[in-house]
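In this chain, residues are counted from 1 in sequence order.
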Amino acid sequence: MKITSRDNSLLRRARSVRDGKEIDSIYIEGLRLCEEALASSLTIEAVIYSEELGRKERAAKLIQGLTGATNNVASVSEKLLASISYTKTPQGILVLASRPAHDEISFKKRQAATPLIVVMLGINNPVNVGAILRVAEAAGATGVIATQNTADPFSPKGLRGAMGSAFRLPIWEDADYPKVVDWCQSSGIKLLAADVNASTTHVDVSWKDPCALILGPESTGLTPAQIQDADQTIKVPMQGEVESLNVAVAAGVILYEAARQRKWIQLPDSTE
C-alpha cells in the first residue's frame with residue numbers, strides 16, 4: 001500500500017504527540033482505549049490503524065465511528081504502525097485527541113455538593129497515576145488533583161493504566177499544593193493524609209463529609225510539612241512484616257471504605 005504525504009504527516013505528528021512534544025494533544029493506543037475515547041466527549045483529531053486490524057469486525061465498527069469524528073484517517077501496514085507504537089506489541093490502532101479539560105476552573109465547576117477528591121502529591125510513576133485514576137472513578141471519587149511533579153495523567157502510560165477514567169474524571173493537573181490546601185480549607189473539604197505512621201486507620205474516620213485524600217510517592221511518602229497541612233493522618237492496617245502498600249492499592253482500599261460509608265455500595269459494617 002502506497003503511503004501518501006498526508007499519511008506521513010500524520011505519522012510524524014503521532015510521534016510528536018507520543019513523545020510529549022504537543023501538550024495540547026494526547027496519544028491513545030489500543031482497541032479498548034480507543035473505544036473509550038470515542039465514547040467520551042473527547043475531540044478526535046486523527047486516527048491511524050493497520051490494514052490487518054481494519055478487517056476485523058469489532059475494529060471495523062470502531063474505525064467507522066472514528067472516521068465520523070475526524071477526516072484525518074490513515075490506514076498503514078503493521079510494520080509502519082509498529083514504528084510509532086508506544087508498546088512493544090503494537091495494538092493495531094491509535095488515536096490523537098485533544099487533551100481533556102484539566103485546569104483548576106473546569107475541575108471546580110464539576111465538583112459535587114459533597115466532594116470526594118484524591119490529591120496525588122508528587123507521584124512520579126505514570127502507571128500508578130493511571131491506576132489511581134481508575135480506582136478513583138470506580139470508587140465514586142468526584143475528581144483527582146495531580147500536583148506539580150506528579151506524572152502526567154494523560155501520558156501514554158498514564159492513559160493505559162487509567163483505561164478510560166482519565167477521559168471522564170474531573171482532573172486538575174499541575175496544581176500548586178499550597179493552593180490546593182487553601183482551596184480545600186476555604187471550601188470546608190477535610191484533608192486526610194495517608195501516612196504509614198498514623199495512629200488512626202482509614203475505617204475510623206468519617207468519609208461522609210467533603211473529603212480529600214492526600215497520597216504521596218511510594219518511595220518517600222509525604223514530608224512532615226505536607227502532613228502538617230492535613231487535618232488528619234490515616235493508615236491502612238497491615239499484618240506481617242509488610243512495610244507499605246502500592247499507592248494505587250492503598251488508594252483503592254481507602255476509597256472503597258469511603259464508598260461504603262457513603263452507602264453507594266453495600267458491604268458489612270466494620271463495626272459489627
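Note: Met163 CE to Leu33 CG = 5.5 Å, rounded to the nearest 0.5 Å. Distance check: Asp174 CG to Glu104 CD gives 11.5 Å after rounding to the nearest 0.5 Å. A distance of 10.0 Å separates CD1 in Ile93 from CD1 in Ile48, rounded to the nearest 0.5 Å. Here the straight-line distance linking atom CD1 of Ile117 with atom NZ of Lys108 works out to 9.5 Å at 0.5 Å rounding. Distance check, rounded to the nearest 0.5 Å: CZ of Arg32 to CD of Glu35 gives 7.5 Å. Annotation: the span from Ile26 atom CD1 to Leu96 atom CG amounts to 9.0 Å, rounded to 0.5 Å.
Between Thr87 and Thr89, the side chains place no donor N or O within less than 3.5 Å of an acceptor N or O (distance only, hydrogens not considered). Between the side chains of Ser85 and Gln91, no donor-acceptor pair is found at a separation under 3.5 Å. Between the side chains of Glu51 and Ser75, no donor-acceptor pair is found at a separation under 3.5 Å. A donor-acceptor contact under 3.5 angstrom links the side chains of Ser25 and Arg13, judged on distance only.
Distance alone, capped at 3.5 Å, is enough to place a donor-acceptor pair between the Asn72 side chain and the Glu45 backbone. Side-chain N or O atoms of Gln111 include one that pairs as donor or acceptor with a backbone N or O of Thr142 at under 3.5 Å. No side-chain donor-acceptor contact under 3.5 Å links Ser165 to the backbone of Glu137. Between the side chain of Thr200 and the backbone N or O of Ile234 there is no donor-acceptor pair closer than 3.5 Å. Arg18 places a side-chain N or O within donor-acceptor distance of the main-chain N or O of Ile84, the cut-off being under 3.5 Å. Side-chain atoms of Lys190 do not come within 3.5 Å of backbone N or O of Gln232 as any donor-acceptor pair. For Ser187 (side chain) and Ile189 (main-chain N/O), no donor-acceptor pair under 3.5 Å exists by modelled atom type. Here the side chain of Glu257 pairs no donor or acceptor atom with the backbone of Val205 at under 3.5 angstrom.
Taking the side chain as every heavy atom from C-beta outward, Leu159 and Phe167 approach each other to under 4.5 Å. With contacts defined as side-chain heavy-atom distances shorter than 4.5 Å, the pair Asp229/Ile214 does not qualify. Looking at heavy atoms from C-beta onward, Lys79 lies out of side-chain contact with Ser50 at the 4.5 angstrom threshold. Here the side chains of Trp207 and Arg260 are not in contact, with every heavy-atom distance at 4.5 Å or above. For the pair Val180/Leu121, no side-chain contact is recorded, criterion being any heavy-atom separation below 4.5 Å from C-beta on. Counting only heavy atoms from C-beta outward, the side chains of Thr147 and Val119 approach each other to under 4.5 Å. Between Phe154 and Ile23, every side-chain heavy-atom pair lies at or beyond the 4.5 Å cut-off. The shortest side-chain heavy-atom distance between Arg12 and Ser9 falls under the 4.5 Å cut-off.
Scanning all heavy atoms of the two residues, the minimum distance from Ala37 to Ile44 falls at O-CD1, 4.3 Å. Closest approach of Glu29 and Pro90 over heavy atoms only: OE2-CA, 4.1 Å. Shortest non-hydrogen contact noted between Ala166 and Pro153 is CB-O, 4.3 Å. Closest approach of Ile63 and Gly54 over heavy atoms only: CD1-CA, 3.8 Å. Among all heavy-atom pairs drawn from Lys235 and Ala198, the shortest one is CD-O, 3.0 Å. For the residue pair Pro210 and Gly188, the shortest heavy atom distance occurs at CB-O, 3.7 Å.
No single ILVMFWY cluster, assembled from side-chain heavy atoms under 4.5 Å apart, contains both Met120 and Tyr177. Grouping the Ile, Leu, Val, Met, Phe, Trp and Tyr side chains by contacts below 4.5 angstrom, directly or via other members, places Val135 with Leu192. Cluster annotation: Val47 and Leu62 are assigned to the same hydrophobic cluster (Ile/Leu/Val/Met/Phe/Trp/Tyr, side-chain heavy-atom contacts under 4.5 Å, transitive). Hydrophobic clustering, with ILVMFWY side chains joined whenever heavy atoms are under 4.5 angstrom apart, keeps Val127 apart from Leu215. Put simply, Leu133 and Leu42 are part of the same group of oily side chains (I, L, V, M, F, W, Y) that touch within less than 4.5 Å, one to the next.
Heavy-atom contacts from other residues, nucleotides or ligands closer than 6.0 Å to CG of Asn149 number 12 or fewer.
Between Asp152 and the options Arg99, Lys157, His102, a side chain to side chain donor-acceptor pair (under 3.5 Å) holds for only Arg99.
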Candidate pair Val129 and Ile132, rule side chain to side chain contact (heavy atoms under 4.5 Å, CB included), full reasoning: CA-CA 5 Å; Val129 166; Ile132 290 170; 5.7 Å; no
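Taking the six-membered ring where the residue is Trp, Trp172 and Trp183 present perpendicular rings, their angle passing 60° and hence far from 30°.
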Which donor-acceptor pairs under 3.5 Å do the side chains of residues 244-255 make with protein atoms, sequence neighbours left out?
residue : atom : partner : partner atom : Å
Asn246  : OD1  : Ala248  : N            : 2.8
Asn246  : OD1  : Val249  : N            : 3.2
Asn246  : ND2  : Asn128  : OD1          : 3.1
Asn246  : ND2  : Glu218  : OE2          : 3.0

